[in-house]
Amino acid sequence: MIRIGIPREIHPNERRVAVTPQTVIRLCKLGFEVAVETGAGDRIDCSDAVYREAGATIVEDARRLWAEASVVLKVRPPEEHPTLGVHEAELLPEGGRLIGFIWPAQNRELLSRLAARRATVLAMDCVPRITRAQKMDTLSAMANIAGYRAVVEAANHFPRFFAGQITAAGRIDPAKVLVIGAGVAGLSAIGTARALGAIVKAFDPRSATRDQVRSMGAEFLELNVAEEGEGTGGYAKEMSNAFLQAEMALFAAQAMDVDIIITTALIPGKRAPTLITTGMVESMKPGSVVVDLAAEQGGNCAMTRPGEVATHKGVTIIGYTDLPSRMATLSSQLYGATLVAMLEELRSGDELVINLNDQVVRGALVLHNGELTWPPPTPPPPPEPGVAKENGAITRANAMSPSAPNSNHEAAEGINMAWLAVAGALLFVVGLIAPASTLGHLTVFMLACFVGWQLVWNVKPALHTPLMSVTNAISGIILLGGMLQLTGSTYNLTTILGAVAVLIAAINIVGGFLVTNRMLAMFRR
């Protein structure tokens, strides 16, 4: 049986734990054996008894926990153990497996230690940000919490309301918030600040975030510099000097106007860029707040002190590096859920198998049996439109042949002409046999199908979901057709079928709008 070891986190002020009792229940149902170090859940108010009731085995000896585990799950990267006097990497058995945050670009020495143990290490911070890996996207889960908590910390230090008010004592203007970076953390901060009633502005070098920012009710700040900032993995890339100069001028102007600045700008593997200078801080109004979410990598503000709260000329600069840990219960639950998803991806029967052909596993794999596998190879680009794909390999023989496009086009035209000829022959036969009234109905039916098809596929998905757009349009055609059959005074089978069609189509349309309304209500406040 696969034994999962959960050690107590030893990093200072780290309150999170790799699994919660709810996660233990899920792992036990999947057939894993879970061993938790005593006291691992104390900081999320989960005692050893709660873990034991969920199905975990409590282990008091940390060395034994590491030695007996098939795979160890952690939050923070391994570090020097304060009570055992040994590095956690040395506690991992030869050929052991470790899953957690590793940050390989910043922890080369740690990789060397783990490689010496011939370890297999998967970094949750390296999980590729693709659709199939969303359930394992730990970075997004933690960034979402950090963005929310950043606004809460700003509100705690801000001396006024976020929302504007008009009282008998006078008018209170709403707070103005600038969010720099519209990634997961930035969007979470925007939504939280807007929910508190603030006026929110946001900036991001990636133009793709413009609609996301505006959809959340914030103003998107733009520069008159034509340069795209989209990088790999959902992050922004480094910009040109001209763009950076225009960007800094924008921030300088906004610093004098806004009350709160929240910065989230990070480039993986590099020091955080400095976006808020000392001069900008000094130009802010007394009582203003800067929350630097990039503090752990140097900070976006020149006056940030990582892990501390600083004050300069009445402006508070918050440089906490443990924002997700300040909501440890929720963070641990979400982190544990991503770990369960990763274990499900690795599991094959009663073993954990490292499938190097799995894009998710290969992206997260840092060390495999002691060999460095990071960074992963760049995945191949998607196939070009019109290029066939056979047995997982892209076939380009036809695409490379000069005569292939013409032959394919001619073959398609031949098939279309054949279908048209068959349809024309059938219509000619129907015209010879069917009475005049039937021909009139058939003509109306064909025109309705053609016009309906054009209407249905030109409905903008923004009006509904695409599926609701199609079904409601088709139901509308059926409804009109049924109503036409109810215009006469004759009571026969045709009239009954028309009434049934009207009833069913009306139910479908009303139901479609109700479902759409409920879906849209999920995004309203």
Side-chain angles (χ1 to χ4, degrees), residues 13-17 20 22 43-45 75 101 124-125 129 134-135 137-158 160-163 174-204 209 212-220 234-235 258-266 272 288-297 299-301 304 306-307 309 316-338 522-525:
N13 298 324
E14 180 57 69
R15 300 173 180 87
R16 291 172 294 178
V17 62
T20 62
Q22 293 85 352
R43 295 179 182 178
I44 61 170
D45 298 323
V75 179
F101 282 115
M124 295 303 293
D125 49 280
R129 285 181 160 177
Q134 285 183 347
K135 60 183 178 180
D137 191 354
T138 307
L139 289 179
S140 293
M142 297 300 105
N144 185 25
I145 296 172
Y148 172 87
R149 187 71 188 194
V151 178
V152 173
E153 295 292 342
N156 184 44
H157 290 83
F158 187 58
R160 292 194 289 111
F161 295 145
F162 264 53
K176 295 181 180 179
V177 179
L178 171 64
V179 178
I180 300 177
V184 176
L187 292 175
S188 178
I190 290 170
T192 307
R194 283 284 300 156
L196 291 176
I199 297 173
V200 184
K201 304 176 184 179
F203 172 80
D204 196 289
T209 63
Q212 295 173 335
V213 169
R214 290 174 176 171
S215 69
M216 301 190 73
E219 177 187 353
F220 186 80
Y235 293 96
V258 301
D259 303 300
I260 296 169
I261 298 178
I262 299 175
T263 65
T264 69
L266 281 174
S288 298
V289 180
V290 176
V291 184
D292 194 341
L293 293 184
E296 195 162 11
Q297 289 183 233
N300 297 137
C301 178
T304 296
V309 177
T316 302
I317 302 98
I318 302 174
Y320 291 145
T321 58
D322 60 346
L323 289 176
S325 185
R326 290 172 180 262
M327 301 182 70
T329 301
L330 176 61
S331 299
S332 299
Q333 182 60 40
L334 295 181
Y335 182 63
T338 62
M522 296 170 61
F523 301 94
R524 299 194 189 106
R525 293 194 179 273

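Model, not experiment: these values are computed from the prediction.
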Which pairs would a plain distance check flag for residues 140-148, meaning a side-chain donor or acceptor within less than 3.5 Å of a matching protein atom at least two apart in sequence or in another chain?
{"unit_1": "Ser140", "atom_1": "OG", "unit_2": "Asp137", "atom_2": "OD1", "d": "3.3"}
{"unit_1": "Ser140", "atom_1": "OG", "unit_2": "Asp137", "atom_2": "OD2", "d": "2.5"}
{"unit_1": "Asn144", "atom_1": "OD1", "unit_2": "Ser188", "atom_2": "OG", "d": "3.0"}

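Judged as a salt bridge (charged side-chain N to carboxylate O under 4.0 Å, His left out), the pairs with a partner in residues 139-150 (not counting sequence neighbours) are, in order, Arg149-Glu153.
The two residues Ala185 and Thr264 make their nearest non-hydrogen contact at CB-CG2, 4.3 Å. Across all their heavy atoms, Pro174 and Asp259 have their closest contact at O-OD2, 4.3 Å. Annotation for Cys301 and Asp292: closest pair N-OD2, 3.0 Å, computed over non-hydrogen atoms. The shortest heavy-atom contact between Ala150 and Leu293 is CB-CD2, 3.7 Å.
How far CZ of Phe203 is from OG1 of Thr209: 9.0 Å, rounded to the nearest 0.5 Å. Put simply, CZ on Arg129 and CG on Leu139 are 5.0 Å apart, with the number rounded to the nearest 0.5 Å. To the nearest 0.5 Å, atom OG1 of residue Thr329 and atom CZ of residue Arg16 are 12.0 Å apart. Atom CZ of Arg43 is separated from atom CG of Asn13 by 7.5 Å, given to the nearest 0.5 angstrom. The structure places CD1 of Ile260 at 3.5 Å from CZ of Phe162, a figure rounded to the nearest 0.5 Å.
At least one donor-acceptor pair under 3.5 Å links the side chain of Ser332 to the backbone N or O of Val17. Asn300 places a side-chain N or O within donor-acceptor distance of the main-chain N or O of Ala265, the cut-off being under 3.5 Å. Thr304 contributes no side-chain N or O that, together with a main-chain N or O of Ile318, makes up a donor-acceptor pair within less than 3.5 Å. For Thr321 (side chain) and Ala295 (main-chain N/O), no donor-acceptor pair under 3.5 Å exists by modelled atom type. The main-chain N or O of Pro324 is found under 3.5 Å from a side-chain atom of Ser331 such that the two form a donor-acceptor pair.
Side-chain atoms of Val152 and Met327, non-hydrogen and from C-beta on, never get closer than 4.5 Å to each other. With a 4.5 Å cut-off on side-chain heavy atoms, Val309 and Tyr320 count as touching. With contacts defined as side-chain heavy-atom distances shorter than 4.5 Å, the pair Arg326/Arg15 qualifies.
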Next item on the list: Would you please test Asp204 and Gln212 for side-chain contact (heavy atoms from CB on, under 4.5 Å) and show each step?
Entry: CA-CA 11 Å; Asp204 196 289; Gln212 295 173 335; over 6 Å; no
Checklist line | Test log, rule side-chain contact (heavy atoms from CB on, under 4.5 Å), inputs Leu178 and Ile180 | finding: CA-CA 6 Å; Leu178 171 64; Ile180 300 177; 4.1 Å; yes
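Heavy atoms of other residues, nucleotides or ligands lying less than 6.0 angstrom from CZ of Phe220 number more than 12.
Screening Val151, Ile261, Val200, Thr192 for a side-chain contact (heavy atoms from CB on, under 4.5 Å) involving Val179 leaves a single residue, Val200.
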